[in-house]
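Right, one structure below, let's go through it.
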Amino acid sequence: MKKRSSARVGDNKGFFERVYEVTKLVPYGRITSYGAIARYLGVEGSARMVGWALNSSHTANGYIPAHRVVNRNGILTGKHHFGNSSTMQQLLENENFTVIDDRVVEFRERFWDPSVEL
DNA sequence: CTTGTGACTTTGT
DNA sequence: TACAAAGCCACAA
């Protein structure tokens, strides 16, 4: 019989922890999208979960470069969650990124796909 | 077990 | 090009 409640069986580690791991693996000067991470985790249809997990990234053990994770259009959708709206953009610019109107211009060139790179 | 929510993505009008 | 709606899965209460 199947118990389709909150209880998971195959996954010992929480989904959040996986997102943290992948996000921390993003190299300096690179950028990725929620969908790419979700796809790598096997939940392509649930890109929202990646962003939601990063929402709790501050509770994770260690620093999570969440500023390197943007939506598929390269837009800083979660900039508001960095404390200040300009924090995420500032971090990206600090890594030689070009952010115009909350969008990363070099998104396509510096896109890093975990399902491809790893 | 049911309901609500969310830093997304895709498709249609 | 712009807006709206549906789909999707995990987690908390």
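All chains are named by letter (A, B, ...) in the order of the sequence lines, taking the proteins before the strands, and each is independently numbered beginning at 1.
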Exercise for review: Between B:dA7 and C:dA13, how far apart are the C1' atoms? Round to whole Å, please.
Suggested key: 22 Å

Study note, to complete from the structure: When rounded to whole Å, the CZ to P distance for the pair A:R39 and C:dC8 reads 18 Å

Check your understanding: Rounded to the Å, how far apart are A:F16 CZ and B:dA7 P?
Key -> 12 Å

Point to revise | d(CE, A:M88; C1', B:dA7) in whole Å | key: 8 Å

Practice item. Compute whether any side-chain donor of one residue and acceptor of the other, for A:D113 and A:S115, lie under 3.5 angstrom apart. Key: yes

Check your understanding: Given C:dA10, B:dA7, B:dT9, which nucleotide is nearest the side-chain atoms of A:H81?
Key -> B:dA7

Exercise for review: Evaluate whether atom NE2 of A:H80 has more than 12 neighbouring non-hydrogen atoms of other residues, nucleotides or ligands under 6.0 angstrom away.
Suggested key: no

Protein-nucleic acid N or O pairs under 3.5 Å, nucleotides 10-13 of chain B:
unit_1, atom_1, unit_2, atom_2, d
B:dT10, OP2, A:R72, NE, 2.5

**Study point:** A:S57, nearest nucleotide to its side chain (from C:dC11, B:dA7, B:dT9)
**Key:** B:dA7

Revision key, fill the gap. Here the distance between atom C1' of B:dA7 and atom CG of A:N55, to the nearest Å, is 7 Å

Review point. Tell me: NE2 of A:H80 to P of B:dA7, nearest whole Å?
Key: 11 Å

Point to revise | Residue pairs, two or more places apart or on separate chains, that pass salt bridge (charged side-chain N to carboxylate O under 4.0 Å, His left out) and touch residues 96-109 of chain A | key: A:K79-A:D102

Exercise for review: Check step by step if salt bridge (Lys or Arg N to Asp or Glu O under 4.0 Å) holds for A:E95 and A:R68.
Suggested key: CA-CA 10 Å; A:E95 295 192 4; A:R68 296 181 187 150; 2.8 Å; yes

Practice item. Mind running side-chain hydrogen bond (donor to acceptor under 3.5 Å, both in side chains) on A:H67 and A:Q89 for me, showing each step along the way? Key: CA-CA 8 Å; A:H67 61 277; A:Q89 179 173 339; over 6 Å; no

Study note, to complete from the structure: Among B:dA7, C:dA10, B:dT9, the one nearest any side-chain atom of A:S33 is B:dT9

Review point. Distance-only, no hydrogens or angles: does the A:Y20 side chain make a donor-acceptor pair with backbone N or O of A:A53 under 3.5 Å?
Key: yes

Review point. Within this structure, what is the CD1-to-C1' distance between A:I75 and B:dT9, rounded to whole angstrom?
Key: 12 Å

Report, one pair per line, the protein and nucleotides 3-7 of chain C atoms (nitrogen or oxygen only) whose separation is under 3.5 Å.
unit_1, atom_1, unit_2, atom_2, d
C:dG7, O6, A:R48, NH1, 3.3
C:dG7, O6, A:R48, NH2, 2.8

Review point. When you measure from the side chain of A:S56 to the backbone N and O of A:T59, does any donor-acceptor pair fall under 3.5 Å?
Key: no

Exercise for review: In whole angstrom, give the distance that lies between atom CG of A:L91 and atom P of B:dA7.
Suggested key: 19 Å

Point to revise | Atom pair CZ (A:F107) and CG (A:N71), whose distance is rounded to the nearest 0.5 Å | key: 7.0 Å

Point to revise | Main-chain N/O of A:V19 paired with A:T23 side-chain donor or acceptor, under 3.5 Å | key: yes

Check your understanding: How is A:A66 classified with respect to the nucleic acid when contacts are heavy atoms under 4.0 Å: base, sugar-phosphate, or nothing?
Key -> base

Point to revise | Atom pair distance, as rounded to whole Å: CZ in A:F107 and C1' in B:dT9 | key: 12 Å

